[in-house]
**Q** 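Take this structure first; my questions come after.
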Amino acid sequence: MADLSKVRNIGISAHIDSGKTTLSERILFYTGKIHAIHEVRGKDGVGAKMDSMDLEREKGITIQSAATYCTWGDFNINLIDTPGHVDFTVEVERALRVLDGAVLVLCSVAGVQSQSITVDRQMRRYNVPRVAFINKCDRSGANPDRVASQLQEKLAHTPAFVTYPIGLEDKLEGVIDLVYMQAQYFDGEGGSDVRKEAIPANLMEKAQELRHRLIETAADFDDELMEKFLGDEPVSAEILIRAIRKGTLTMKMTPVFCGSAYKNKGVQTLLDGVGLFLPAPTDITNEALDQDNNEQKVVLDSEGDKPLVMLAFKLEDGRYGQLTYMRIYQGTIKKGDSIINIANGKKVKVPRLVRMHSNDMHEIDESSAGDIVAMFGVDCASGDTFTDGNVRYTMTSMFVPEPVIELAVAPKDKAGQVNFSKALNRFTKEDPTFRVMRDEESGETIIKGMGELHLDIYIERIKREYNTEVTVGRPKVAFRETITQRSEFNYTHKKQTGGSGQFGRVGGYIEPLPADAIENYEFVDDIVGGVIPREYIPACDKGFRESVQEGSLIGQPVVRVRVTINDGATHPVDSSEMAFKTAAIMAFREAYSAAKPTILEPIMKLEVSVPEEFQGTVIGQINQRRGVIMGTDSDAGYVTVDSEVPLSEMFGYSTDLRSVTQGKGEFSMEFKKYQPVPRNIQEEMVKEHQKKRAEGK
């Protein structure tokens, strides 16, 4: 059994295009997991190992977090490469939920970018200690010092260089290890031979200054180091490592490594740092909720001999059925064991236990606390907790953001219907931010997600993986209708045919309900003296209820309306429930057109975060979309614009925002309220609706 103090469960996260996947690729190469390096957008057409989907290779982005494991020295590392794109934020959430530590990758030119801020916020949410890797030090304009100060200003970290580049841009030769005070050069194929030498004379002063700063930062976490620092005594590497580790684990210090994954420089030193500074499973306190004891918090013990507790954090449809990724928090699991899903109480047998290496798998017989494994044939949802039946614990689930965009989709031909449904069922199980609903009004299937790219990828996957062509409609906004003033009605329904006729008269008024009313329809019975017999009152209510299903302006449901009946007449022979229901429907129509009806549209709360230089452009864009600016807030070179914008104007926004902000703009959007559409737009919508109805006839 592995020594738990030598296990590291880490994630690599960063802003899009900072080089996460390239870094993962190098780590696999140096740890002997792959024997050749392939680039993310490589000319050899192979693509990076960790981007196993064809789509990922074509677009050069990571869509799903890929998991792998490797060994470095005597450390066992479980590694998850996560997407940087805001649309796939749930992939980062679920990875960080189960990881003990992380490597925050930053580009030495671009520095701390919008998605780095998001990822950092996610790391804080799950208390994940991290080391920073300033990548791309070989690029023109590289400036690690500026990136370190941005870590402090924008992310409120306490950064300290542990390695520093020897030369920058095209002169990058290697790195200085400030713990051991030596220069490291990376020779041989793919930089796999690490050559250690004395620090070049011209960099000695800078190295001493940086080591002094490193000791000063780390001294806060170790009394012995503090004494040596204050007494100006020499500090051994062992004491310094111990102090840096303490600072990192409490998240009060961020060790900073430098290098270039693409140019094979500094990655091995970063791997050393992962072992030295990031937590083992035993360093982290993991809590579960005891379902048998009012959800009392229980601290889990990373030992193999305790009752089994594990969390399913990611599902994937593999070649052999559903593959479920599990993080084991306590206990041991063996092939053939029975486990219980606490969410539904179902018992499952573990048929196969594997370790994942991107999309390859290696069979194992058993695994224990602290490990990340995958298993087949376990039907569950993302976020379910499993135990061996001795305890009923659940792990707290991860944060799932609300979807912000929706599209109507349908298979192109009837033959594709089965595969289309299969695909949607699978994707909703795999991805908690992907939702599917049926629009009762139009009969369409609506998919909802985190952004246009998010939904585009799923539509593309239905085509490729399920061989089904999909027709995609323009997203339909849920408009509503309402009335703005009180209006009376007095309608007599009279029909005489052979035999008994129909007769019913209803009188009263309709009026708007207050905006904060919980119900959208209210019926008030003010009939006195039995002018309408009691048995016909429900028929009147039924007629009015039917009327509010479809307003006469654009055929959308009518909301916030109160109907009061206070008068009527009846006929001893010709009155019936049917007659009063019809009278109510006609009375409502008569009153509705006189109550100044209006169309309501959904208004979204929009928050846009962009570098300050784009502030004017972004505000202009929001104004063009009928948005109302509610306020702006500026912080560390970034500005956040809060506004309220009609949902109907927001389609295509993510593309527009990215194009005017060089891909640096980010936005989040949530439903705020319904409010009337402007008069000119209402007139157009009514005309359009009447035209459609005329064509329909």
Side-chain angles (χ1 to χ4, degrees), residues 15-16 85-87 89 93 110-125 149-157 399-406 433 448-454 475 477-480 514-516 598-681:
H15 187 87
I16 190 163
H85 212 290
V86 64
D87 285 9
T89 185
E93 288 281 345
V112 172
Q113 294 164 278
S114 53
Q115 194 66 12
S116 331
I117 298 170
T118 309
V119 173
D120 185 68
R121 196 166 52 232
Q122 291 169 320
M123 288 178 188
R124 285 178 201 273
R125 185 181 289 136
S149 57
Q150 284 182 348
L151 267 173
Q152 199 162 357
E153 290 157 17
K154 291 189 179 182
L155 301 181
H157 283 221
F399 169 78
V400 177
E402 282 302 303
V404 295
I405 192 164
E406 52 186 65
T433 56
K448 301 181 176 188
M450 296 309 297
E452 285 164 299
L453 178 69
H454 190 207
V477 173
F479 290 103
R480 295 285 178 262
D516 57 355
T598 183
I599 300 169
L600 299 174
E601 64 180 342
I603 300 295
M604 310 303 281
K605 178 177 180 292
L606 174 71
E607 188 180 277
V608 186
S609 169
V610 292
E612 275 172 354
E613 69 255 35
F614 301 115
Q615 181 174 346
T617 321
V618 165
I619 288 175
Q621 254 190 357
I622 292 169
N623 289 335
Q624 272 175 351
R625 293 173 183 265
R626 295 198 283 123
V628 179
I629 307 291
M630 308 307 281
T632 58
D633 182 30
S634 192
D635 179 40
Y638 263 72
V639 67
T640 303
V641 182
D642 285 311
S643 59
E644 291 179 3
V645 192
L647 176 61
S648 57
E649 302 287 339
M650 287 306 291
F651 300 116
Y653 181 65
S654 58
T655 317
D656 288 359
L657 178 68
R658 283 187 193 125
S659 64
V660 300
T661 60
Q662 298 160 15
K664 293 175 185 168
E666 271 190 345
F667 75 97
S668 65
M669 186 166 76
E670 58 187 333
F671 173 74
K672 180 83 191 289
K673 60 185 177 186
Y674 269 102
Q675 79 177 28
V677 303
R679 179 64 50 198
N680 58 334
I681 292 177

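Keep in mind it's a predicted model, so treat the numbers as computed, not measured. Heavy-atom basis, side chains included; hydrogens, waters and symmetry copies ignored.
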**Q** So Ile681 and Ile599, do their side chains get closer than 4.5 Å, heavy atoms only?
**A**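 The answer is no, as the side chains (C-beta and beyond) never meet within the 4.5 Å cut-off.
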**Q** What is the distance from atom CD1 of Ile619 to atom CD of Gln624, rounded to the nearest 0.5 Å?
**A**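 One finds 13.0 Å between CD1 of Ile619 and CD of Gln624.
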**Q** Considering residues at least two apart in sequence or located in another chain, which fulfil the side-chain hydrogen bond (donor to acceptor under 3.5 Å, both in side chains) criterion with Gln615?
**A**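 If we apply the side-chain hydrogen bond (donor to acceptor under 3.5 Å, both in side chains) test to Gln615, skipping adjacent residues, there are no hits.
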**Q** According to side chain to side chain contact (heavy atoms under 4.5 Å, CB included), who are the partners of Gln662, at least two apart in sequence or on a separate chain?
**A**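 Partners of Gln662 under the side chain to side chain contact (heavy atoms under 4.5 Å, CB included) test: Phe614, Lys664.
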**Q** For the pair Asn623 and Ile629, evaluate side-chain contact (heavy atoms from CB on, under 4.5 Å) and give the outcome as yes or no after the intermediate values.
**A** CA-CA 8 Å; Asn623 289 335; Ile629 307 291; 4.0 Å; yes
**Q** In Å and rounded to the nearest 0.5 Å, what is the OG to NE2 distance from Ser149 to His157?
**A**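 NE2 of His157 is found 13.5 Å from OG of Ser149.
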**Q** Stepwise, does the side-chain contact (heavy atoms from CB on, under 4.5 Å) test hold for Val608 with Gln621?
**A** CA-CA 11 Å; Val608 186; Gln621 254 190 357; over 6 Å; no
**Q** How would you list, by chain and number, every residue that makes a side chain to side chain contact (heavy atoms under 4.5 Å, CB included) with Val628, sequence neighbours excluded?
**A**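 So Val628 forms a side chain to side chain contact (heavy atoms under 4.5 Å, CB included) with Met630.
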**Q** Taking side chain to side chain contact (heavy atoms under 4.5 Å, CB included) as the test, write out the residues that go with Pro676, two or more places apart.
**A**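 Counting only residues at least two positions away or on another chain, Pro676 forms a side chain to side chain contact (heavy atoms under 4.5 Å, CB included) with Thr598, Leu600.
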**Q** Just jot down the side-chain hydrogen bond (donor to acceptor under 3.5 Å, both in side chains) partners of Ser643, sequence neighbours excluded, or say none.
**A**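 Counting only residues at least two positions away or on another chain, Ser643 forms no side-chain hydrogen bond (donor to acceptor under 3.5 Å, both in side chains).
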**Q** For Arg626, what residues pass the side-chain hydrogen bond (donor to acceptor under 3.5 Å, both in side chains) criterion, not counting sequence neighbours?
**A**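 Once residues adjacent in sequence are excluded, the partners of Arg626 under the side-chain hydrogen bond (donor to acceptor under 3.5 Å, both in side chains) criterion are Glu601, Glu649.
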**Q** Of all the heavy-atom pairs spanning Ser648 and Phe479, show the shortest one and how long it is.
**A**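 Where Ser648 meets Phe479 most closely, the heavy atoms are CB-CZ, 4.3 Å.
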**Q** Going through the checks in order, is the side-chain contact (heavy atoms from CB on, under 4.5 Å) test met by Thr661 and Thr617?
**A** CA-CA 9 Å; Thr661 60; Thr617 321; over 6 Å; no
**Q** List the atom of Gly627, the atom of Val645, and the distance in Å for their closest heavy-atom pair.
**A**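 Minimum heavy-atom contact is CA-CG2, 4.0 Å.
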**Q** For Gln152, enumerate each residue passing the side chain to side chain contact (heavy atoms under 4.5 Å, CB included) test, keeping only those at least two apart in sequence or located in another chain.
**A**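 By the side chain to side chain contact (heavy atoms under 4.5 Å, CB included) rule, Gln152 matches Pro159.
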**Q** Do Tyr653 and Ile622 have side chains that approach each other closer than 4.5 Å (heavy atoms only, starting at C-beta)?
**A**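 Yes, side chains in contact.
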**Q** Residues two or more places apart in sequence or in another chain: which of them pass side-chain hydrogen bond (donor to acceptor under 3.5 Å, both in side chains) with Asp656?
**A**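 Once residues adjacent in sequence are excluded, the partners of Asp656 under the side-chain hydrogen bond (donor to acceptor under 3.5 Å, both in side chains) criterion are Arg625.
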